[in-house]
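Single-structure report; data block below.
Just so it is clear, the model here is predicted, and its values are computed rather than measured. Atoms within each ligand, like the ligands themselves, are counted from 1 in listed order. Values below: every heavy atom of this structure, side chains too, minus hydrogens, waters and symmetry copies.
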Amino acid sequence: MDETIELGVLAESFAEMLGAEWPREKAIAHSFGTDAPFEEGLWQTMADLGWAALTVPEAHGGLGLGPDAALRLHMAFGSSVAPVPMLGTTLAAALLTSAPDHPQGGALLGGLAEGSVRAAFAATTSVPLAADGEAASGKVNDLLDAPCATHLFLRATRGGATGWLVVPANAAGIAIERFALVDTSRSMGNVTLDGVAIDDAAFVAADAAAEAAVTRAAMLAIAGDAQGGGEAVLAATIEYMLGREQFGVSIASFQALKHRVADHHTALAASRELLEKAAALPAADPEALLYAISAKQHATRLTAEVARDCIQLHGGVGFTAEYVPHIYLKRAKVNECLWGTRSATLDSVAELLECIGLETVSAEGTPRAFDILGKVGDEPAFRREIRDWLAATLDPAWRGKWQSARESDLRALIITWLEERRKVGLAAPHWPKEWGGPGLPFAYQIMVYEELCRADAPELDMFTISLFHTPATLFEHGSQAQKDKYLDGIVNGTDMWVQGFSEPGAGSDLASLRTSAVRQGDHYVVNGQKIWSSGGMNARYCLLLARTDPNGKRKHDGISYFIMDMQSPGVEVRPIRQITGEAEFCEIFMDDVKIPVENLIGAEGNGWMIAQSTLSTERGLLIFGAVERLARSFALDGRDAAGSWMQDAQFRREYAQYWAELQTIRLMIRKLLIELEANPDKASPTLPTFIKLTFGPFLQRYSEFLLRAEGMEAMKWEPAIPGTGHSSRLRFQDFLKSYGWTIAGGSNEIMRNIVAERILGMPRG
Ligand SMILES: Cc1cc2nc3c(=O)[nH]c(=O)nc-3n(C[C@H](O)[C@H](O)[C@H](O)COP(=O)(O)OP(=O)(O)OC[C@H]3O[C@@H](n4cnc5c(N)ncnc54)[C@H](O)[C@@H]3O)c2cc1C
């Protein structure tokens, strides 16, 4: 069995048991208050099932599983809001495993594994007790699980070292004052020590590695708890919405509500990727702690937001104690505070981010014969060869030159760059050998894009439709003659293509398009208008959707797909000026344009189905490249602001928060690419929607953040830099351009409809 399946099975078994032993009714009843600080019977059942032994080493009676198993366990607790003190067990196991020679370690680990030891574990953020000598006195406030613990792990210093003092909760001189917590599923207490007898064996010193291990375990456990809670409260809310009617229809059909639910669902799916990555990283990975702390701040904030909105989505019953949202909200708010306030957590993330350097490619290579494709099979050599080639070939001043060039000059620069790439076989890294491409395995295609982005090589903007949309269409649906005729011209840079789908009256509802194509002998006569056609002014050919049958049963039925020569008589192109000052898209007017029959792609009436292939290209490498480019400029933004807005606590924290969000998008895309490589037919149909729904709004918020952070400096107007996508680092340009992502290629509102209706099963409005 592979690891993923095991984790899935484990998670299912946790959910199944808790669903049976701690169903929603019990959680609600428990939320009204109880005298017992925890559910002892439930704890015992879990201990009998080996849950407390999960991360305890096998040598001490445990299962020896890693952080990814602990993550699933804590997700199950968050989901069920079960009142059991498992966090202390996870943390005590992490600490004692990191201090293998400690004299008490074996006994304590054995007790943790069998559930007879229940730990209340003080956070690294709590004020340490001075624990020198043979007796300890002092006070430890706000200790989670103190009222139900058998052992207290108190932050302390002894002999100049920092670590945890471990004392039995019933030791002479210890008093625990229990107080009510808003989250009744957990308990908390203030601990007073009055001359409690201690010795060296009671103190577990923690070196940097142990501190990191404990902190990571805590962050992952709290993040998991939050994530489980977020997913559960949203599921309960959807269930309620589906059963509730107003105005004679299910409230789940109201777009104002279901769009919010779609956003929450998407955000939680993205967050799960971050948590799983954080838990899967080896402890020695330099980014392990960064990911764990980010996961905690991200998941706790998100779940608190989702739970708050779930109260509103329930209406009046959401305000009652009888429904679950308040339970999750209270637990979420406690999670936000555990192991450091939100601000403190973000400060830690920012600090770790500042330690991570940005790898750049030096621009001082020597021209030589490069053999990038010959290095396939040897990943480091392949990357090195690309870097050397980029260093020798890429003009470091390209941004300035591309910015000042327009029209034919710009086109010449882009074609020169395409030509350079062609010389080493990288004009179209994703093209199969069969069609003149390099036939690179998918993993190597990804490497090419990573290296291009890392080196800040320009994008082939004008060729996006040519290099992606056209082959995605022709490879699958084009005739041999069409492939032979058109593909060469793309890679050689002689022909640019435009996508003529949208019309003035057919945008989101593309299938209602009205451009007509009427067959007359060996050609079709086309009349109509297209709009928002990117790059149409430079295009030689158009991927055109037109209606060949106005009487189709459904509006999708009568649409056909053509290749239209833009130099045909009757074609007129008018550029449209955009909010960025550029004119990258245009209107295309067609007046009795003749298209030869051999330019029909696929069968007449199959255009709608073929168009899905065209659009599917936007879900893979294209968006991967865009996000990797953004990741590079994100790192530069933080680095360059070291002496300015990164000195401002609020901006620094906001930046740290965006880092986590950016990783969720990168992780989703990588996951999708891996799935696509393994089996394109089995790749997740939901991930592309989540990615689209997440990336655009992220770009908008992040680019707006930079405007706020940089103030007037960001208000200076400069023309866009072609080839940089939305990562030109011209602040206002990038901010404005970000809106293209939420409108083009299926607006985000349409994406929300898809999530709500097709993924979550909510009714159409
Ligand atoms: C930068 C850019 C590049 C583009 N490039 C191309 C191109 O190369 N080729 C091409 O063919 N097209 C292109 N487009 C067009 C793009 O595909 C359309 O703009 C998009 O599909 C939206 O259509 P619309 O503009 O008609 O807006 P409308 O469909 O009129 O939408 C207006 C608003 O209503 C919302 N809305 C619409 N329907 C619903 C619904 N059912 N539920 C909820 N809300 C809804 C939308 O989300 C939007 O907020 C481009 C657009 C942009 C911005």
Between W402 and W398, does the ring centroid distance fall short of 6.0 Å?
yes
Give the residue and atom name of whichever protein heavy atom lies nearest to atom 1 (C) of ligand 1, and the separation in Å to one decimal.
F585 CE2, 4.0 Å
List the closest protein heavy-atom neighbour of atom 11 (O) of ligand 1: residue, atom name, distance to the nearest 0.1 Å.
S502 N, 2.7 Å
Closest protein heavy atom to atom 39 (C) of ligand 1, given as residue, atom name and distance to 0.1 Å:
I750 CD1, 3.7 Å
Suppose we measure from atom 52 (C) of ligand 1 to each protein heavy atom; which comes out shortest, and what is that distance?
A744 CB, 3.6 Å
Give the numbers and elements of all ligand 1 atoms closer than 4.0 Å to a heavy atom of F501.
11 (O)
Nearest protein heavy atom under 4.0 Å from atom 33 (C) of ligand 1, yes or no:
no
Which residue supplies the protein heavy atom nearest to atom 28 (P) of ligand 1, what is that atom called, and how far is it?
S508 OG, 3.7 Å
Number the atoms of ligand 1 from 1 as they appear, then name those within less than 4.0 Å of a heavy atom of E749, with their elements.
43 (C), 44 (N), 46 (C), 47 (O), 49 (O)
Kindly list each side-chain donor-acceptor pair under 3.5 angstrom involving residues 606-613, sequence neighbours excluded, with atom names and distances?
unit_1: Q612; atom_1: NE2; unit_2: W608; atom_2: O; d: 3.0
unit_1: S613; atom_1: OG; unit_2: E476; atom_2: OE1; d: 3.4
unit_1: S613; atom_1: OG; unit_2: H477; atom_2: NE2; d: 2.8

Under 6.0 Å from the six-membered ring centre of Y658 and within 45° of its axis: does the NZ or CZ of R701 meet both?
no
Top protein contact for atom 24 (P) of ligand 1, by heavy-atom distance
G507 CA, 3.8 Å
Side-chain contact, heavy-atom cut-off 4.5 Å: P688 with L672?
yes
Should one rank W532, W497, Y739 by closest heavy-atom distance to atom 4 (C) of ligand 1, which comes out on top?
W532
Any protein heavy atom nearer than 4.0 Å to atom 47 (O) of ligand 1
yes
